[in-house]
Each structure stands twice: as C-alpha cells, then as structure tokens.
Amino acid sequence: MNFIEELRWRGMVHDLMPGIENVLKNPGCAGYIGFDPTADSLHIGSLVQIMTLVHFQRAGHKPIALLGGATGMVGDPSGKSQERNLLDQDTLAKNIEGVQRQLEHFLDFSGPNAAEIVNNYDWFENLSFIDFIRDVGKHITINYMLAKDSVKSRMENGMSFTEFSYQLVQGYDFYHLNQNKNCQIQMGGSDQWGNIVTGTELIRRKSGGEAYALTTPLIKKADGGKFGKTEEGNVWLAKERTSPYKFYQYWLNTSDEDAATYLKIFTLLDEQTIAQLLRQHLEAPHLRLAQKTLAADITQRVHGTEELNNALLATDILFGKATAEALGTLKEEVFLQVFEGVPQAQISSDLLHKGISIVDLLVAEGKFLSSNGEARREIKANAITVNKVRVDEQFILTSEHLLNERYVLIGKGKKNNFIAVFN
RNA sequence: GGGGAGAUACUCAAGCGGCCAACGAGGACAGACUGUAAAUCUGUUGGUUCAUACCUUCGCAGGUUCGAAUCCUGCUCUCCCCA
C-alpha cells in the first residue's frame, strides 16, 4: 500500500494536488511539515501531522520536520481572527529545543530515508529584507496573496503587514527545501493549504520546478467539541504539562464514534486489526476495548512503556474495585502524578493523635468544601470516600489511614478528589 | 432635553406588606442505573453547635411599620419610547 492509499483509508487526506501520486511512486521522496514553536511542547493537535510524517517515512520516503524559528517570529494568520503577539527570541529558542526533542521520539533518524529536522531561522537569518522582497516578493502578486482565506477573513478587522507577509515566508521555506533538499512535497493541516500553495507557486515561478501539497483534515469530536481540549486546557505531549496519567485518561474517555476515527489516525494498527477491534468493541461495548487500545497505543508511543504501566495501574486503582490496600501500593511518585492538579491541603500530623472528624477534615482543616452544611449534605448523600472507602458522619481520621505515611485521599463522588498531606 | 420600564441567589426569571432563605427553568454537584459514555430517574444547590431556632441576603443609603424583596425618599446603573 502506498503512502496516499494508506492515508486515504485512515481518513487523513483532506486535499491534495493532482500528480502527487506520480512523484511518490519512487521511494526516497522528501516531504516536509512545519511545526510552530509557539510553546515548548506540542499538543495532541500536532499528532496528526506527526503521524503523517511517520507514515511518510514508513512508505520509504524522507520526512523533514521544519521548526519555524523564523516563521514563529512572524506569526501565521491562518485560522486566527486576531493579530498575534510576537514571541521573543529566547522563548523561541527554548520552544524549538522542546519541540525538537519531542519530534525525535517519533521519527527514525537513521537509514537511507533518515528523517531530518531543520530550522528555517538558519536560512532566514542572513537573508536581507531587500533580497527577500526582490527574490521572493517579485514572483508573487498582491492580488494572489489577497485572495487567500487567511487574508480575506482579516480584511474587516485589519491585519499587520507582518502577518500578511507570512505566506511568503512559509512559501520561501518550501522553495529553499526544494532547492537544497530536493523536497517536492509539503504537508500540513487543512488550514495550511493556502500557505503551501504559495510555496508551490513560488517554486514554479522561480525555478520552474514541480511541487505538491497534501493536507490533512481538521480533527473534530463527534459531539462538536474541540479535539485535544479539556477543562484544564490543551492536552500536551510533554509530561511536565500533561501527566501521562491524564494523557491516557484523555484518550480513554473518547466516545465510541471518535475512538474508531482516532484508531485510524493516531495508531499504526492496520486496517484488518482495527476492523477486528471495532467488531469486538461492538459485541461488548462496556469493555471499551477500542478506547483502551487507543489510549495504550498512543500513551506508549508518546511516553514509553513505563509511564504507560503507571497510568494503567493508577487507572485500575482509581476506577477499578480499589481498596485502601491497593491504593497504598502506589509509589509516591506515581500517586502524586495521578493526583496532580487535585486540590491539596497541608495538615499538621499532631491532629491525628486525637483524630479528626470527617467534617473538620473536609472544611476546617482541608478547606475542600466551603461549609459544614455542605460537608454534611455530601456525607448524607453517600458521596464522600476516604481512601476509596465510603464514610459516614461518625468517621474519625487517625494515623492508621495514612498512605505512604503522609497522604489521605478524599473523594467526593466519582470524579472529585482531594488530598490531605500530613507533616 | 422630555416620558416610561427595570435592577432578586451561578444565569434566566417569579414574588409586590407577614405563610419568603425567597415559585419555576437552566446550569452545577451528588445518588441510582451504566461503560470513568449518552439518556433517564431522584436529591441538593445562603450560614451556624443540624435546629417546629437563630444569623446574613432581593442594586446602594436612609425612612415608614409590631413586621419590608414587597410601601416612601434620595443615589447609582441598565433598557425602551419621543425630540
């Protein structure tokens, strides 16, 4: 199966330029995708692009990941309704480093079609403004640039010359890679079509070369929500930003419909395996085999086996039939990772000698709830657990309840947790 | 500038002298069911030593009254109509 066919059945092709399949007949073609260093980590929205490169490489071609050290300084107006703030050079340098480290996880940098990472700042650094407008600007008309969606949609509200120029800068990237790396293909999200086409246009007019565009669809959730967002914000690839446990949970919680789509896009499982998996899922939907496979596959690829196992263990303990003993088996490090972002309270362990009533623990000491009345209501409603064990109003906390000798896990309902730390 | 309407808890919105901690809807939280889903049903959604009690709340500040979210005065803000 060739690259295009592969992407097609996976639902990863939004649009492509005719003729691209011809070029891709021979292995070893170079193709690139640009990544914006707007943060020191990519989030899972970029995963579609990363997987596209992975497939490209598996099909025997040479993937190039371009980091926008220069374009990041200009700001891509595509899909943006407002002018963006510019990043300073230090931040940009730090971001590039972080993003590069992540990309290195996914691609193979050895062999005949070794992947490559380039930074467009390297060729823009010494290109003067005059050279640029003479050598690049001369080939593209304003009329052409104005016709782009990314520009048209901003005519009402205004757009700086900087962002207006963006498509030329990105176009020049393509031209540069075409000249220096024989790169004929640029891929990207569907919002990149306009920018990519400016590049192919520039290549044709400047050097008479042929270049092609391929875009992937925008990933959406079946319920219309934004992909890759939680209440807490983006789902990041960096474990410092989104813990492997939360990462795993994000994928595990996808709907049945989305899981089928995501399996194709985000895993390397083949068509038969996925079809088989979905059949099994349909027979026993409550086992959520599709989600579990999806979550495990992606977590493993992004964070590695060890982190995946921790996430699985934590998930089992939190959502399985967990006992206080099982909770105690969690390593402190994993425990803290699982409950990262959960409200915590520091409480003096002296209080444990005479014991702390559950109401005091929730309100006076822990400040987890705002009033005693609320605490009593929740207790009466059977909502409160201590170390996964339901408690009533008579419950008294003592030192024998401590996990890892200092933690107590308090749950309110299924999804709200609090941690009391004793020291 | 003239005339009119309004401001109530997270939001919308009733209430127009005592039975008002304030109807109802949405949202949120919880319980049951379930697949850590959706739908559904139920409960809760000012505070207190848990109570047929007390305290604080209906734009702000005063006042009338045994008693005010409700009546009066002033202030602030919002909306509508006319010029």
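Just so it is clear, the values below take in all heavy atoms, side chains as well, and ignore hydrogens, waters and symmetry mates. Numbers restart at 1 for each chain; the letters A, B, ... are given by sequence-line order, proteins then strands. Predicted, not measured: the structure shown is a model, and the values here were computed from it.
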**Q.** Inter-nucleotide C1' distance (rA22(B), rA30(B)), Å rounded
**A.** 24 Å
Q | Base-pairing assignment for rU76(B) (Watson-Crick or G-U wobble, both under 3.5 Å) | A | rA7(B)
Q | Heavy-atom pair of closest approach, residues A345(A) and F368(A) | A | CB-CZ, 3.7 Å
Q.
For the P atoms, the ones on rU8(B) and on rG3(B), what distance do you get once it is rounded to whole angstrom?
A. 26 Å
Q: Please state whether the phosphate of rA30(B), meaning OP1 or OP2, lies under 4.0 angstrom from any side-chain nitrogen or oxygen of N382(A).
A: no
Q: Using only heavy-atom distances, determine whether the side chains of T216(A) and Q49(A) contain a donor-acceptor pair under 3.5 Å.
A: yes
Q.
From CZ of F368(A) over to P of rC29(B), roughly how many Å is that when rounded to an integer?
A. 18 Å
Q) With both distances under 3.5 angstrom, what nucleotide forms a Watson-Crick or G-U wobble pair with rA38(B)? A) none
**Q.** Pairwise 5' ranking along RNA chain B for S371(A) and E378(A), keeping only the more 5' one
**A.** E378(A)
Q. Between atom CG in N417(A) and atom P in rA30(B), what is the gap in whole Å?
A. 11 Å
Q) Looking for any heavy atom pair under 4.0 Å, which part of the strands does G413(A) touch: base, sugar-phosphate only, or nothing? A) sugar-phosphate
Q. Is N372(A) near enough to rG47(B) that one of its side-chain N or O atoms lies under 4.0 angstrom from OP1 or OP2?
A. no
Q: Could you pull out all residues at least two apart from E393(A) that satisfy side-chain hydrogen bond (donor to acceptor under 3.5 Å, both in side chains)?
A: R376(A)
Q) Side chain of N120(A), backbone of L66(A): donor and acceptor closer than 3.5 Å? A) no
Q.
Before we go on, tell me: are the rings of Y250(A) and F266(A) under 6.0 Å apart, centre to centre?
A. no
Q. If you measure from the P atom in rC80(B) to the same atom in rG27(B), how many Å do you get, rounded?
A. 29 Å
**Q.** For rU70(B), the Watson-Crick or wobble partner whose two distances fall under 3.5 Å
**A.** none
Q: Sticking with atom C1', work out how far rC41(B) lies from rU48(B), rounded to a whole angstrom.
A: 33 Å
Q) Do T215(A) and Q192(A) have a side chain donor and acceptor closer than 3.5 Å? A) no
Q.
Please give the distance between the P atoms of rC20(B) and rG15(B) as a whole number of Å.
A. 15 Å
Q: Any strand is fair game: report the nucleotide pairing with rG1(B) by Watson-Crick or G-U wobble, both distances under 3.5 Å, or none.
A: rC82(B)
Q. Who is the Watson-Crick or G-U wobble partner of rG46(B), with both distances under 3.5 Å?
A. rC55(B)
**Q.** Base-pairing mate for rG24(B) - Watson-Crick or G-U, with both contacts under 3.5 Å
**A.** rC12(B)
Q: Determine the Euclidean distance between corresponding P atoms of rC23(B) and rU34(B); express it in Å to zero decimal places.
A: 34 Å
Q.
Under the ring-ring contact (aromatic ring centres under 6.0 Å, His included) test against Y407(A), which residue among F335(A), F418(A), F422(A) passes?
A. F335(A)
Q | Separation between the C1' atoms of rA53(B) and rG17(B), rounded to whole Å | A | 24 Å
Q.
Give me the distance, rounded to whole Å, that separates rC55(B) from rA21(B) when you measure between the P atoms they each carry.
A. 11 Å
Q) Whole Å only: how far is the CD atom of E374(A) from the P atom of rC29(B)? A) 12 Å
Q.
Across nucleotides 34-44 of chain B, 5' to 3', mark each nucleotide with B, S or - according to how protein heavy atoms within less than 4.0 Å reach it.
A. BBBS------S
Q: Could you list the residues that satisfy salt bridge (Lys or Arg N to Asp or Glu O under 4.0 Å) with K380(A), not counting sequence neighbours?
A: none
